[in-house]
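In what follows, a structure is listed as structure tokens, so that the remarks can point back to it.
Residue numbering restarts at 1 for every chain, and letters A, B, ... go by the order of the sequence lines.
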Amino acid sequence: MSIQVQHLSKQFGTFAALQDVTLNVPDGQLVALLGPSGSGKTTLLRVIAGLEIPDTGRVLLGGQDITQVGPGGRGIGFVFQHYALFKHLSVFENVAFGLKVKRGGQRPAPPVIRDKVMRLLELVQLDWAAARYPAQLSGGQRQRVALARALAVEPQVLLLDEPFGALDASVRQELRDWLRRLHDEIHLTSIFVTHDQAEALEIADRIVVFNAGQIEQEGTPEEVYDHPATLFTYRFLGKANVLDRAGGQVTLARPHDLHLHLQPVPGAWASVITRIHVVGPEARVDVTRSDQSGALEVYLPKTQLGGASVGQIVYLTAGRQVTLPEGE
Amino acid sequence: MVTLTLVLVGLLLVLPLLVVLITALRSGVGPYLQALQTPDTLSALRLSLLTVLIVVPLNMVFGVSAAWATAKFDFPGRSLLLTLIDLPLAVSPVISGLVYVLLFGRQGWLGPWLEANDLKIIFAPAGIVLATTFVTFAYVARELIPVMQTQGKDDEEAALTLGASGWQTFSRVTLPNIRWALLYGVIMCNARALGEFGAVSVVSGKIRGLTNTLPLHVEILYNEYQTVAAFAVASLLALFALLTLGLKALIESRTGHPHP
Amino acid sequence: MTSRLFPGRPARRHILPGLNLTLGYAVLYLSVIVLIPLAALVLKAAGLGAEGFWAAINTPRVWSALRVSFLTALAASLVNLPTGLVIAWTLTRYRVPGRRVVDALIDLPFALPTAVAGITLTTLLSPNGWLGAPLLEAGLRVAYTPLGIVVALIFIGLPFVVRSLQPVLEDLGHEPEEAALSLGATPSQTFARVILPALSPALLSGFTLALARTIGEYGSVVFISGNLPFKTEIAPLLIVGKLEQYDYAGAAAVAVAMLVISVTLLLAANGAQARLSRRGQA
Ligand SMILES: Nc1ncnc2c1ncn2[C@@H]1O[C@H](COP(=O)(O)OP(=O)(O)O)[C@@H](O)[C@H]1O
Ligand SMILES: [Mg+2]
């Protein structure tokens, strides 16, 4: 089900957490809301879920205005940043909660609830932990219980607030791939919040870059990465090397798009290597141009280092460059 | 250090308990049991229990309401409300009784109206209930507010997104989260309500068999030099106190906190 | 500036339900049980007029009763500082057998009805009591003197000090102490310069709570004090006395004076404690 957000604004006291935010999420997509901490991502998610009342603007689900509908009536699953699992209930009871609070004839019979909960627990690979309590689970396991709990009421839309934020690096990677597969398996429209660009670029169909309560840019990962609309987006999506500033414009290049030559090349900048360090198969070389102060970072395969050493003069050329207006 | 502590605790806490027990049993088990079974003692026990049965639920409902409003919401005047809730703790028990005498006594603001309608609050069980309510007013609220505040709103919001109604959210999520703190507050409220003396003595009139609570009865017996009887009744109250301490310790060991 | 999209519908202000109900009930209950009765007290005293109020307060007997209440509460709370510290220290630092029982017993003064405490301490300390007799022989009269009042108030106030100190001592752990010792401080220097400053907010808060509770204490005191005007008559007892003589306005005046003293004390101590704990965090 598509999600539409129109001209949303939300103030906390005098602080504007959301300013005229308009966003369309087509049916079936997995969208990443990417932005620095405090930029209003959680607030936007909470407004969509009905947990926060916007000052102005509308939220539409499948074309229907739900701005005035309470959080329970929207058909939205919400996974909280810190999971918000019910500590006094077992994993099974947590997942069954949304089914058991259904009123009257809508509440499934106990055996139906049982089957459904167990199927969901299998889906999140936690059927063995049904009788456990949240305190007895690891962070990644809790995250999956929270997900199963949100899915139990068959939402059309799934919202996840920093779903991998509190997890170890290895668990993060695993859960990330798994979420992508899950999203494709069950037909859902999902928005997840993250401040990690790698995460967003890796699994999202679309990325919405958020800054200071406003949408900075929106597009597919390629669009956003290769054609950043603003300096902010460019910087937020990866390491940025400033090559030139002129007339209010900045020219930038990513570390992978800079090339080192041991011999002079036409149009190259003479530079000196200030630092080399090797990260796995990749060499990261800091150089300082003779006509510019400040270090530039160059990434290249370790095998192409060719015996370069610190203090050596090299010649720097740039492949892909982007020129953007200055001022974020 | 340990020895010093044991001496201090022994002198200040254990010795008084022993005095109660030994004085109560000074003339043997027979007189002890007899003192506990006089009609006056039994009626005092009845009034004390009745008072507790009214006061504790009242302050419990208030405590839960006040905690829900102040811990889950922000509104203008919230910190003033929090201060006012603690106010009765700073008021001398005697004053807690006095305020009701000034309000409902024969010369009080509402005294003439009450008399005209043949209603009696002061020198009647109603006054005892009111004075006890005042003294134990904050006992449940004070336990619940900090606990609910640290728990935040996430659990309740999660329940709402899952389709729970307001009442379902409260009864299935909030209540289980605060159950130990609630029980703790209720136990302390109960102990104080059962043992309140100053406030109750001002409003009771100490009419035997009618407006005497157990602590007031202890005083009367003691002042009449019925020492054994006084301490027999006192031993009953001391037993309640020890029971309270036991329950309190049990809750603390269940929750792993000095205060849940 | 917040334009409403649905002018016909009232905008919900909170997502969680129940604010109006619970806040309304809490304020109503607070008003009925606490605020209106206290207002009745203040109005009664105000009915005397400024001069009448002053005349009701400014008698030697009232001053003496207020002094006795205040000084005995102060003395007892001061005694409870070292006493409470020793007990809290032992309970947090030593894993002795029976610790749990002692820990539970600390709250006995909370749980034991004050009248029971009163008659028990009186029996114990009266001239022919278990402790009273030997003390009298040693030349020390406890029951029916201000000292008796202080003893009763020490009993009442003790848990406040112990319970304020315990969590702070738990948090403090051994490290600051060991660090100071490793830097060459003597044990007494360590105590005076490292431990005591860290404990001072908790000590102050325990002291204040004990003082606030004991200054108006009645049940445990009336039996042991002997109730001699100008000597061992406490302010709450004076109020009761005035009530028995149907001097309602006089009782209200003394009560208001007491209220002012205890509320001022609490506010002052809260301020001081806030300053101390800020310094502790810096
Ligand atoms: N309930 C609230 N009251 C006051 N300020 C808030 C509240 N919720 C969020 N904020 C403020 O709004 C801003 C955006 O917050 P949030 O949406 O949580 O950002 P993000 O999730 O991007 O880190 C922050 O500066 C935060 O302090
Ligand atoms: Mg956030």
Side-chain angles (χ1 to χ4, degrees), chain B residues 1-2 4-5 8-9 12-16 19-20 23 62 65-66 68-69 72-73 75 84-85 87-88 90-95 98-103 107 109 133-134 137 153 156-157 160 166 188 191 194-195 197-198 202 215 218-219 222 230 234 237-238 241 244-246 248-249 258, chain C residues 14-19 22-23 25-26 29-30 33-35 37-38 40-41 44 83 86-87 89-90 94 96 100 102 104-105 107-108 110-117 119-121 123-124 130 154-155 158 166-167 212 216 218-219 223 236 239-240 243 248 251-252 255 258-259 262-263 266:
Chain B
M1 198 63 118
V2 178
L4 185 55
T5 297
L8 284 170
V9 170
L12 278 168
L13 304 173
V14 179
L15 194 56
V19 169
V20 173
T23 316
F62 164 72
S65 290
W68 180 268
K72 305 286 181 196
F73 299 92
F75 49 87
L84 289 177
I85 289 173
L87 189 60
V91 175
S92 167
V94 167
I95 300 179
L98 170 69
V99 293
Y100 293 108
V101 174
L102 296 176
L103 206 53
Q107 317 214 347
W109 303 102
T133 308
F134 187 110
F137 184 81
K153 293 193 284 194
E156 283 78 13
E157 288 178 344
L160 288 183
M188 296 317 281
L194 196 62
F197 176 73
V202 171
V218 169
E219 183 204 18
Y222 181 81
L237 288 167
T244 301
L245 296 185
K248 202 168 152 290
Chain C
H14 299 280
I15 295 300
L16 277 186
L19 174 64
T22 54
L23 182 60
Y25 179 70
Y29 187 77
L30 174 75
I33 300 294
V34 178
L35 298 183
L38 279 178
L41 168 73
K44 187 79 188 173
T83 314
V86 166
I87 294 174
W89 188 274
T90 307
Y94 300 93
V96 286
R100 294 272 301 276
V102 174
L105 264 183
D107 286 319
L108 181 68
F110 278 142
L112 192 69
T114 52
V116 175
I119 64 167
T120 305
L121 291 173
T123 303
L124 193 58
W130 294 356
I154 289 174
F155 175 81
L158 181 67
Q166 262 176 323
Y218 178 73
F223 298 97
I239 295 176
V240 172
L243 266 182
Y248 290 106
M258 276 189 72
L259 269 184
S262 41
V263 169
L266 271 181

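Of the atoms belonging to B:Leu12, heavy atoms from both backbone and side chain fall under 4.5 Å from chain C. Only the side chain of C:Val96 has a heavy atom closer than 4.5 Å to any heavy atom of chain B. For B:Leu160, the part sitting under 4.5 Å from any heavy atom of chain C is the side chain, from C-beta outward, and nothing else. Only the side chain of C:Tyr94 comes within contact range of chain B, with at least one heavy atom under 4.5 Å from a heavy atom of that chain. With a 4.5 Å cut-off on non-hydrogen atoms, B:Phe134 touches chain C through its backbone and its side chain both. Within the 4.5 angstrom heavy-atom criterion, atoms from both the backbone and the side chain of C:Thr114 approach chain B. In this structure, chain C has heavy atoms under 4.5 Å from both the backbone and the side chain of B:Thr133. The parts of C:Val34 that come within reach of chain B are both its backbone and its side chain, each placing non-hydrogen atoms under 4.5 angstrom from that chain. Only the side chain of C:Leu243 comes within less than 4.5 Å of a heavy atom of chain B; its backbone N, CA, C and O stay farther away. Interface residue C:Tyr29: backbone and side-chain heavy atoms are both found under 4.5 Å from chain B. Proximity to chain C involves both the backbone and the side chain of B:Val99, based on heavy atoms less than 4.5 angstrom apart. Contacts between B:Ile95 and chain C at a heavy-atom distance below 4.5 Å involve the side chain alone, from C-beta outward.
C:Leu121 and B:Pro16 get closest at one heavy-atom pair: CD2-CG, 4.3 Å.
Counting heavy-atom pairs closer than 4.5 Å to chain C, the top residue among B:Gly198, B:Gly195, B:Gly246 is B:Gly195. When B:Leu87, B:Leu102, B:Leu4, B:Val202 are compared by the number of non-hydrogen pairs under 4.5 Å with chain C, B:Leu102 comes out ahead. Interface remark: of the candidates B:Val20, B:Leu103, B:Val2, B:Val2 forms the most heavy-atom pairs closer than 4.5 Å to chain C. Across B:Phe62, B:Tyr222, B:Trp109, B:Phe73, the residue that shares the most heavy-atom pairs under 4.5 angstrom with chain C is B:Phe73.
Interatomic distance, B:Leu98 CG to C:Tyr248 OH, rounded to the nearest 0.5 Å: 9.5 Å. C:Ile87 contributes atom CD1, which lies 5.0 Å from atom CG of B:Leu8 (distance to the nearest 0.5 angstrom).
By the 30° and 60° cut-offs, the orientation of the rings of B:Phe197 relative to C:Phe223 is tilted.
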Report the C-alpha separation of B:Tyr100 and C:Ile33 in whole Å, then their side-chain angles, then the decisive distance to 0.1 Å, and conclude whether the side chain to side chain contact (heavy atoms under 4.5 Å, CB included) test is met.
CA-CA 9 Å; B:Tyr100 293 108; C:Ile33 300 294; 3.5 Å; yes

If you apply the rule side chain to side chain contact (heavy atoms under 4.5 Å, CB included), what do you find for B:Glu156 with B:Trp68, and how did you get there?
CA-CA 11 Å; B:Glu156 283 78 13; B:Trp68 180 268; 4.0 Å; yes

Stepwise side chain to side chain contact (heavy atoms under 4.5 Å, CB included) check, B:Lys72 with C:Thr22
CA-CA 11 Å; B:Lys72 305 286 181 196; C:Thr22 54; over 6 Å; no

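Between C:Phe155 and B:Leu13, the closest side-chain pair of non-hydrogen atoms falls below 4.5 Å. Counting heavy atoms from C-beta outward, C:Met258 and B:Val94 have side chains that stay 4.5 Å or more apart. Between C:Ile119 and B:Thr23 the shortest side-chain heavy-atom distance does not fall below 4.5 Å.
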